[in-house]
Amino acid sequence: MPELPEVETLCRQLRQVILGRRLLSVEVLDERLGPPPAVAGLAVRQVVRRGKAVALLFHGGVAWKIHLRMTGRLLWETDYGLPVDHLRLICHFDGGRLLLIDPRRFATVDFDDEAGPSGPPDPFAAEDPAGLRREAARRRLPVKAFLLDQRLFPGIGNIYAGEILFAAAVDPRRPARDVTQEEWERIARAARAILREAVRARGTTVSDWRDLFGRPGEYQHRLKVYDRRGGPCPRCGGEIVREKVCGRGSYHCPRCQR
DNA sequence: TCCCATGTTGCTAA
DNA sequence: GTTAGCAACATGGG
């Protein structure tokens with residue numbers, strides 16, 4: 001479910017509530033997550049995003065990495081008592097509880113993360129279009145699949161990849177190596193703008209995304225193509241089509257995305 | 001009943 | 001080596 005803007009939203013909100021707070025105890029309710037870790041008593045030193053994952057860095061050198069996959073949610077709860085469905089993990093901090101909720105149980109928590117103090121650079125932040133084109137030069141897979149490569153663009157997911165390609169007017173099925181320099185420039189520009197705006201809007205709620213405090217995001221109101229099959233293209237009025245690209249539901253306007 | 005799902009991994013085969 | 005396709009993970013919604 002969550003892509004870069006949603007995970008970034010969680011990280012920012014987590015910093016508001018758990019930075020410097022002490023972790024008192026941990027309850028693992030789903031054995032798939034592994035045995036409960038022995039970090040009780042440690043205070044949170046830093047919260048960083050690693051692509052689509054949240055890393056909690058504790059004093060003492062311990063780090064956790066939380067990946068929400070499709071349906072994982074993090075919820076900060078100060079008002080205890082309401083029963084919560086699909087609760088998988090409870091972290092008791094001084095001041096509140098951090099809950100991991102996940103109906104499909106795909107989310108993972110690495111209680112022994114080894115990665116460093118900072119996350120990978122934001123996709124497109126430093127990437128120059130010439131570098132993108134070089135990277136794509138030998139790849140004939142669809143440009144959308146290329147954008148979903150987490151090693152190259154950590155945090156980009158299906159919704160935002162589709163929106164970025166729409167904004168750049170590039171057909172998601174185009175082989176990556178055929179994308180021109182000028183198109184890479186448009187893609188990089190669109191990616192920066194869309195991701196920034198989506199973070200500002202606290203993410204996209206099309207089904208069940210909620211932020212750390214249970215509120216839906218706002219970016220769904222600004223999606224141009226995702227989940228809009230049959231609708232008019234906001235740019236040219238053409239009909240938006242849905243088509244599988246690299247095994248994922250994909251939306252584009254065949255009239256103005258070339 | 002069937003199809004779909006904002007993610008990732010691992011396998012098989014071309 | 002690259003890529004496509006599929007299944008798996010497990011559940012809920014339309």
Side chain of [X], heavy atoms from C-beta onward: which of [options] has the nearest atom to it?
X        : options               : value
A/Arg32  : C/dT11, C/dC9, B/dT6  : C/dC9
A/Arg104 : C/dA10, C/dT2, B/dT6  : C/dA10
A/Lys52  : C/dG12, B/dT6, B/dT8  : B/dT8
A/Arg69  : B/dT6, C/dG12, B/dG7  : B/dG7
A/Leu141 : C/dT11, B/dT6, C/dA4  : C/dA4
A/Arg138 : C/dT2, B/dT6, B/dG7   : C/dT2
A/Met70  : C/dG12, B/dG7, B/dT6  : B/dG7
A/Ser207 : C/dA10, C/dT11, B/dT6 : B/dT6

Original post:
Run the side-chain contact (heavy atoms from CB on, under 4.5 Å) check on A/Val47 and A/Leu19 step by step: do they pass?
Top reply: CA-CA 8 Å; A/Val47 180; A/Leu19 224 45; 4.2 Å; yes
Original post:
What's the shortest heavy-atom distance between A/Ile156 and A/Ala161, and which atoms?
Top reply: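 Looking at all heavy atoms of both residues, the closest pair is CG2-CB, 3.9 Å.
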Original post:
Is the shortest heavy-atom distance from the side chain of A/Asp102 to the side chain of A/Leu68 under 4.5 Å?
Top reply: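 No, every pair of side-chain atoms sits at 4.5 Å or beyond.
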Subject >> Centroid distance under 5.5 Å and plane angle under 30°, A/Phe106 vs C/dC9 >> reply: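 Yes; by the centre-distance and plane-angle rule, A/Phe106 counts as stacking on C/dC9.
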Give [X] one of three labels, base, sugar-phosphate or nothing, depending on what nucleic acid heavy atoms sit under 4.0 Å from its own.
X        : answer
A/Gly157 : sugar-phosphate
A/Gly72  : nothing
A/Pro175 : nothing
A/Asp208 : base

Original post:
Closer to the 5' end of DNA chain C via nearest nucleotide, is it A/Pro142 or A/Asp102?
Top reply: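 The residue mapped nearer the 5' terminus is A/Pro142.
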Closer than 4.0 Å, any side-chain N/O of [X] to the OP1 or OP2 of [N]?
X        : N      : answer
A/His86  : C/dG12 : yes
A/Tyr160 : B/dT6  : no
A/Lys244 : C/dC6  : no
A/His67  : B/dT8  : yes

Original post:
P atom, B/dC2 versus C/dA7: distance in rounded Å?
Top reply: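 Straight-line distance between the two P atoms is 15 Å.
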Subject >> C/dC6 to B/dC4 separation - P atoms, rounded to the nearest Å >> reply: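 Result for the P pair: 12 Å, nearest Å.
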Subject >> A/Arg228 NZ/CZ over A/Tyr251 ring centroid, <6.0 Å and within 45° of normal >> reply: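 No, cation not above the ring by the 6.0 Å, 45° rule.
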Starting at atom [atom1] of [X], determine the distance to atom [atom2] of [N], rounded to an integer number of angstrom.
X        : N     : atom1 : atom2 : result
A/Arg105 : C/dA8 : CZ    : C1'   : 14 Å
A/Leu33  : C/dC9 : CG    : P     : 17 Å
A/Ile159 : B/dG7 : CD1   : P     : 7 Å

Original post:
Does the distance from a Lys or Arg side-chain N to an Asp or Glu carboxylate O, for A/Arg50 and A/Asp113, drop under 4.0 Å?
Top reply: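 Judged by the 4.0 Å cut-off on N to carboxylate O distance, A/Arg50 and A/Asp113 do form a salt bridge.
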Original post:
Does the side-chain contact (heavy atoms from CB on, under 4.5 Å) test come out yes or no for A/Val54 and A/Val7, once each step is laid out?
Top reply: CA-CA 7 Å; A/Val54 176; A/Val7 179; 3.6 Å; yes
